[in-house]
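Single-structure report; data block below.
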Amino acid sequence: GAGDWAAVIEPLASDGRVCAYDRAGRGSSDPAPSDGRTIADQAADLRALLDAAGETGPFVVVGHSFGGDVARVFGDRYRDDVAGLVLVDSFSPDLEVDAVHPLLGALRPEYEARLDSLRSTVAAVEGLDWPTSEAELRETDLRGLPIEVLRAPRADPRLDDATNAAIEAAVVARNEALSPGHVHYELAWGAGHVIQNDRPDLVIAAVRRLADGT
């Protein structure tokens, strides 16, 4: 929710207008209308919220974890309103399936089961039709859009160094393919999943690069 972003919002507020919100059913927002919604519905919620608040773009859209999925779909559906995306350790099941799972060998069934569990959790918490939502995520076209990707470092100690390095290289390539030639990818050393709390400096720098057009 919006309350998780104080360490990022306060420094950026000296640069310009900064807005944060709670998705429907989260924090102090009203409940979502019903189950069976999709990520595209959540992106439409954000577009309607910005309109209702009188905010005008283009926007630098920042999303953490599942919020990164909303940011990606928003960037695709409302491209004219978007100056760039900052994806903060996004929940990216499509990228994981494509980049990570093929390299896991005997560990692949374990990772697939874990991802299915995460899908179910996100769908339950957000009230989503997840198969349709994941299809929307895969169909996004962000080519030409500036994207900053911040990812917490990960390595599985059960895999050898070469395999862990190959997984990281595949993750980098898959993220760069979101918008070839327009993606800045960075590992957030010293951070866990909640990078905006552990390394807010990296999130702030990423937003400023996009806001400055650099």
Side-chain angles (χ1 to χ4, degrees), residues 23 35-40 42-43 62-76 85-143 145 147-199 202-203 206:
R23 292 190 301 275
D35 289 342
R37 303 175 82 230
T38 70
I39 298 174
Q42 294 206 345
V62 185
H64 166 252
S65 196
F66 171 71
D69 297 353
V70 179
R72 283 173 59 189
V73 173
F74 188 94
D76 173 57
L85 306 179
V86 182
L87 306 178
V88 184
D89 214 51
S90 289
F91 174 59
S92 304
D94 56 328
L95 275 63
E96 181 172 339
V97 167
D98 294 348
V100 179
H101 289 182
L103 301 174
L104 291 170
L107 295 180
R108 182 168 181 164
E110 175 187 326
Y111 274 65
E112 289 175 340
R114 174 182 172 276
L115 181 57
D116 283 341
S117 177
L118 287 172
R119 287 177 171 126
S120 296
T121 298
V122 170
V125 170
E126 300 288 339
L128 295 179
D129 169 353
W130 187 258
T132 301
S133 293
E134 192 162 331
E136 291 171 348
L137 199 58
R138 279 195 172 275
E139 292 164 3
T140 57
D141 183 355
L142 303 175
R143 288 173 294 180
L145 194 66
I147 302 175
E148 295 274 341
V149 176
L150 296 172
R151 186 169 183 266
R154 290 177 176 82
D156 193 317
R158 297 170 295 176
L159 300 172
D160 58 41
D161 290 345
T163 302
N164 277 313
I167 289 172
E168 178 61 20
V171 169
V172 172
R174 188 62 181 80
N175 275 280
E176 290 180 343
L178 292 173
S179 184
H182 299 278
V183 175
H184 177 259
Y185 179 95
E186 186 172 356
L187 286 175
W189 295 105
H193 178 52
V194 189
I195 297 173
Q196 66 269 31
N197 286 340
D198 298 335
R199 290 294 309 274
L202 297 181
V203 182

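These values consider heavy atoms only, across backbone and side chains, with no hydrogens, waters or symmetry-generated copies.
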(request) List the atom of A99, the atom of L103, and the distance in Å for their closest heavy-atom pair. (result) O-CD1, 3.6 Å

(message) Can you confirm whether E96 sits close enough to L118 that some side-chain heavy atom of one is under 4.5 Å from a side-chain heavy atom of the other?
(response) no

(request) Quick one: pull up NE2 in H184 and CD1 in I147 and give me the separation to the nearest 0.5 Å. (result) 13.0 Å

(request) Measure across I39 and S133 and return the closest heavy-atom pair with its distance rounded to 0.1 Å. (result) N-OG, 3.2 Å

(request) Could you grab the distance from atom CD of Q42 to atom CZ of R23, nearest 0.5 Å is fine? (result) 5.5 Å

(message) Minimum heavy-atom separation for A206 and V86, please, with both atom names.
(response) CB-CG1, 4.0 Å

(request) Could you pull out the closest heavy-atom pair between D69 and P93, with the gap in Å? (result) OD2-CD, 4.4 Å

(request) Would you indicate whether R143, at its atom CZ, is surrounded by more than 12 heavy atoms from other residues, nucleotides or ligands within a distance under 6.0 Å? (result) no

(request) Please round to the nearest 0.5 Å and tell me the distance separating atom OG1 of T121 and atom CZ of R119. (result) 12.0 Å

(message) Any side-chain to backbone donor/acceptor pair from E136 onto A40? Under 3.5 Å, distance only.
(response) yes

(request) Give a yes or no on whether D161 atom CG has more than 12 heavy-atom contacts from other residues, nucleotides or ligands under 6.0 Å away. (result) no

Throw together a table of side-chain donor-acceptor distances under 3.5 angstrom for residues 149-157, partners on residues two or more places apart or in other chains.
from	atom 1	to	atom 2	distance (Å)
R151	NH1	E168	OE1	3.0
R154	NH1	D89	OD1	3.0
R154	NH1	A152	O	3.1
R154	NH2	D89	OD1	3.4
R154	NH2	D89	OD2	2.6
D156	OD1	R158	N	2.9
D156	OD1	R158	NE	3.0
D156	OD2	Y111	OH	2.6
D156	OD2	R158	NH2	2.9

(request) Provide the closest heavy-atom pair for F91 versus F66 in the form atom of the first, atom of the second, distance. (result) CB-N, 3.9 Å

(request) For D76 and D141, indicate whether the former's side chain and the latter's backbone hold a donor-acceptor pair under 3.5 Å. (result) yes

(message) Just verifying a value: how many Å separate E134 CD and D94 CG, rounded to the nearest 0.5 Å?
(response) 6.5 Å

(request) Could you check V62 against Q196 for side-chain contact (heavy atoms from CB on, under 4.5 Å), going step by step and ending with a plain yes or no? (result) CA-CA 10 Å; V62 185; Q196 66 269 31; over 6 Å; no

(request) Could you tell me whether the side chain of R199 and the main chain of W189 form a donor-acceptor pair under 3.5 Å? (result) yes

(request) May I ask you to test the Y185-V171 pair for a side-chain heavy-atom distance under 4.5 Å? (result) yes

(request) Could you walk me through whether I167 and L104 pass the side-chain contact (heavy atoms from CB on, under 4.5 Å) test, one step at a time? (result) CA-CA 8 Å; I167 289 172; L104 291 170; 3.9 Å; yes

(message) Treating H193 as the side-chain partner and H64 as the backbone partner, does any N or O pair qualify as donor plus acceptor under 3.5 Å?
(response) no

(message) I'd like to know if the side chain of T38 reaches the main chain of D129, judged simply by a donor and an acceptor atom lying under 3.5 Å from each other, with no hydrogens or angles considered.
(response) no

(request) With rounding to the nearest 0.5 Å, note down the distance linking OG in S90 to CG in N175. (result) 8.0 Å

(message) Using a 3.5 Å distance criterion without hydrogens, assess whether the side chain of S117 forms a donor-acceptor pair with backbone atoms of A113.
(response) no

(message) Ignoring hydrogens, what is the shortest heavy-atom contact between R72 and L137? Give both atom names and the distance.
(response) NH2-O, 3.4 Å

(message) I want to check something: taking the side chain as every heavy atom from C-beta on, are L202 and V88 in contact at a cut-off of under 4.5 Å?
(response) no

(request) Measure the CG-CZ distance between L95 and R174 for me, rounded to the nearest 0.5 Å. (result) 4.5 Å

